[in-house]
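See structure below.
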Amino acid sequence: MRVSASMAGDELARLRQRVAEIEGRPPVLPGEAAILPFGLGRLDRHLAGGLRRHALHEIRGATAPESVAAFGFAAAILSRLTKSDPRPVLLVAEAGSFGETGHPYAPGLAGYGLDPRRLILVKAKRPADALWVFEEAIRCAGLLAVLAEIRGTPRQLDLTASRRLALRAAESGVMGLLLRHGSNAEPGAADTRWHVVPRPAGTLQDFPSGIGRPAWRLDLERNRHGPTGLFDLEWNHDDRSFVAPARPALSLHRVPLSADRPHPSDAARKILAFPPAAEDPARDRGEGEGGAPSRRAG
Amino acid sequence: MIAAKVKGALRLAALDETAERLGLACGQPLADARAMIPALDAVEAEGAADSSLLETLAGWAERYTPIVAIDPDNGLLLDITGAAHLFGGEAKLAEESRRRLTAQGFFTRAAIADTPGAASAAARFGSTAIVAEGGTPDMLKPLPLAALRLEPDIVAALYRVGLKRIGQILDTPRAPLTARFGDILLRRLDQALGWEEEALSPYRPLPRLIAEHRFAEPIARQDDIAATLASLAATLARGLEERGEGARGLELSLFRVDGFVARTFVGIGRPVRRPSLVLDLFREKFAGLGEEIDAGFGFDMIRLAVLAAAPFDNAQTDLGGEALTGADLGQLIDRIGVRLGAEHVGRIEARDSHVPERAEAFVASGEDERRKKLPPPSPFPSAPIERPLRIFAEPEPVEAIGEVPDGPPLNFRWRRVLHSIARIEGPERIAAEWWRGETFTRDYFRVEDSEGQRFWLFREGIYASGTPEPRWYLHGMFA
């Protein structure tokens, strides 16, 4: 069917919705619902609202502890995704990477705020198999998201493959998270790319001597919707939200690696201050959940 | 010349034609045979190899009928009811199968009869290759009693009382025979005569449905095989539809010209019927195998069999197909399972154990899910996370320096990198589950190094005299 160019945007969206209904797929999410906000004002503004759900996002770590931190960041995103959607999440990993970084641990995931029963785990022997599973799964609208763990830079994961994955995610509305262990920044078709580095955790009010929440420094290396930058983040496993740390990081801005970004470099030069500690994280959280009453995890 | 150990003595088990001509016989002790012919070349029998060869042959014989049974120790029984006309009649079938086996280097005898017992007797002891319908008693009468598949000592006992031929016991009153030799004798006789029903027990499970294709010229190209597979799947789909079933297990058998049979099994979580889906599953399977089947000089027959089926939910049938596959999670898991092996797809479940490595299990998707509730939420909701996000299947040994006897570590070296510990929580003592007969004691520490990386370390063992030196391990990592 050819759609005339003059057709109004909302009518097109309505038709897409109708087609999706006929095909038995979950409807294409319009506007707001297609974005998963972090619930942190500055970060969401950088990303023009949050993470696109029908897109491919790349998260990388250079060393084993970084990779685990990257997995933690991905798990936090999945935890927030699964809050309001009953569909399962598929996790595919090269089994070889388990020797390097360990395997996902069910009690750990449960304590972290991601119900392990929502995960389908696929262990692939070869990177080619893992990517094949990733591509097949990301087309399956019965899934909420797909997380693929790939070691290094396999030959099969070139720019074409990356574009294909991004296209599949856009078609199905399944969020694709590509977790890369021990890889460098490389060109790809991902909507965003993050480099995750663990940073010292703060302390919890009730446990002053203990180790606080998971804390990372996120380097947003690629962002199709705004400038790149460094962000310090903590994960509150209890109510499954991101919070700004008590001691904020330096807000650095760098010129993005890729030249084809929609935002020219003048935006990147602007200095953006990160919210000081005094800014109540609860307010950010409220934004993130769209005003829904916060729920205790368990 | 093959010798085998029977009752403590080496006896001749099989002979070639030359040995037979020299007057040797099966069952003769090897020493006697050596006395007769000193230059005897005897090889010890390999029972296991023989029976596996026989099984391979049984697989080959499936080209004639799916019901193939093994007739120990050296025969095959084929149920060719309704199959003979496909080969141009019984005589042609027998001739063709013998010709092919001879080409493979086997010495064969074949017979076709009304019952398995009669066929076995005729092939081994008779002279008629094809026993006419109803001609079984006449064929059996002159044969020795050993033809009835009896134990040698029963045959010997019958021989002693002068009963040598089957014809003799046919005319003898039955009751004394049973009293003297047990009911096996008459049962075998009745089975051979068809008075008692005897079902063949096929050496492999019988398929529910089969579709097959034979080629005058062997085929070897992948496209040809795929096209054949598609047409076979379409045939099966019609059969399944009539039964209201879908296939849950499919087997593709490729019969190579030289007698080799390559079989590929695909197990499916949800019943399928659509040929394109079947084709896809096999394509994934072959892609996942990573190795190609050696086509040799080509395949001259391809068979697709449904080994397992389940009622097919008609609501699933396609509305044009493509749209449905996109959203169907079950199909996705099947496809992945077929390509990577079903044991590699599953869920991780929390289990009721306080030993960390036993507190979870990977449950493959095929297995029954033992759904278990998660442990209750911590009574301190804002407490730190207690368990790491990732864990090593084998705790990795680290060199750690800590206070003796039971202090926390100060720094540790893991994978050649020294981590100095900035903060620490612990110890959490986890002891062995004594009911499993284990004895270890572990003190777990959650630590954060100076760079903010968080690890789960434990010390195994305690400082006490007479026990091995405690050792440090890294068991997992926190995000």
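A, B, ... follow the sequence lines: proteins, then strands. Residue 1 opens every chain. Note that the coordinates shown come from a computational prediction; the quantities given were computed from them, not determined experimentally.
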Quick check for you: to the nearest 0.5 Å, what is the distance between [X] atom [atom1] and [Y] atom [atom2]?
X        : Y        : atom1 : atom2 : value
A:Ile120 : B:Ile333 : CD1   : CD1   : 4.0 Å
A:Tyr105 : B:Ile348 : OH    : CD1   : 10.5 Å
A:Phe98  : B:Ile391 : CZ    : CD1   : 13.0 Å
A:Ser67  : B:Met477 : OG    : CE    : 8.0 Å

Under a 4.5 Å cutoff for heavy-atom pairs, which residue among [options] has the most contacts with chain B?
options                              : result
A:Gly102, A:Ala75, A:Ala128, A:Gly72 : A:Gly102
A:Thr101, A:Val122, A:Asp129         : A:Thr101
A:Lys123, A:Lys125, A:Glu66          : A:Lys123
A:Ala69, A:Pro107, A:Ala124          : A:Pro107
A:Gly108, A:Pro214, A:Pro104         : A:Pro104
A:Thr63, A:Val68, A:Leu114           : A:Val68

Between the side chains of B:Arg390 and A:Glu149, is the shortest nitrogen-to-carboxylate-oxygen separation below 4.0 Å, so that they form an ion pair?
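Between B:Arg390 and A:Glu149 there is a salt bridge, with a charged N closer than 4.0 Å to a carboxylate O.
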
Are B:Arg335 and A:Glu136 ion-paired here, with the side-chain N under 4.0 Å from a carboxylate O?
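The answer is yes: the pair qualifies as a salt bridge.
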
More than 12 heavy atoms of other residues, nucleotides or ligands under 6.0 Å from [atom1] of [X]: is that the case?
X        : atom1 : answer
B:Arg436 : CZ    : yes
B:Glu396 : CD    : yes
B:Leu410 : CG    : yes

If you look at every heavy atom in B:Arg454 and A:Pro198, which pair is closest and at what distance?
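Residues B:Arg454 and A:Pro198, closest heavy atoms: NH2-CB, 4.1 Å.
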
Please report the closest heavy-atom contact between B:Ala350 and A:Ala106, naming both atoms and the distance.
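Scanning both residues, the minimum pair turns out to be N-CB, 4.1 Å.
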
I'd like to know if the side chain of [X] reaches the main chain of [Y], judged simply by a donor and an acceptor atom lying under 3.5 Å from each other, with no hydrogens or angles considered.
X        : Y        : answer
A:Tyr112 : B:Arg387 : no
B:Glu349 : A:Arg117 : no
B:Arg347 : A:Leu121 : no
B:Gln453 : A:Pro65  : no
A:Arg199 : B:Gly452 : no

Is it the side chain or the backbone of B:Glu284 that comes within 4.5 Å of chain A heavy atoms, both, or neither?
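The answer is the side chain of B:Glu284.
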
Where does B:Glu451 contact chain A at under 4.5 Å (heavy atoms): side chain, backbone, both or neither?
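Only the backbone of B:Glu451 comes within 4.5 Å of chain A.
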
So which part of A:Ala76 gets closer than 4.5 Å to some heavy atom of chain B, the side chain, the backbone, both or neither?
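Neither; nothing under 4.5 Å.
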
Kindly indicate, with the supporting measurements, whether the criterion side-chain contact (heavy atoms from CB on, under 4.5 Å) is fulfilled by A:Ile211 and B:Val447.
CA-CA 8 Å; A:Ile211 299 166; B:Val447 305; 5.6 Å; no

Does B:Leu332 form a side-chain contact (heavy atoms from CB on, under 4.5 Å) with A:Arg139? I'd like the steps, not just the answer.
CA-CA 9 Å; B:Leu332 174 75; A:Arg139 287 162 58 186; over 6 Å; no

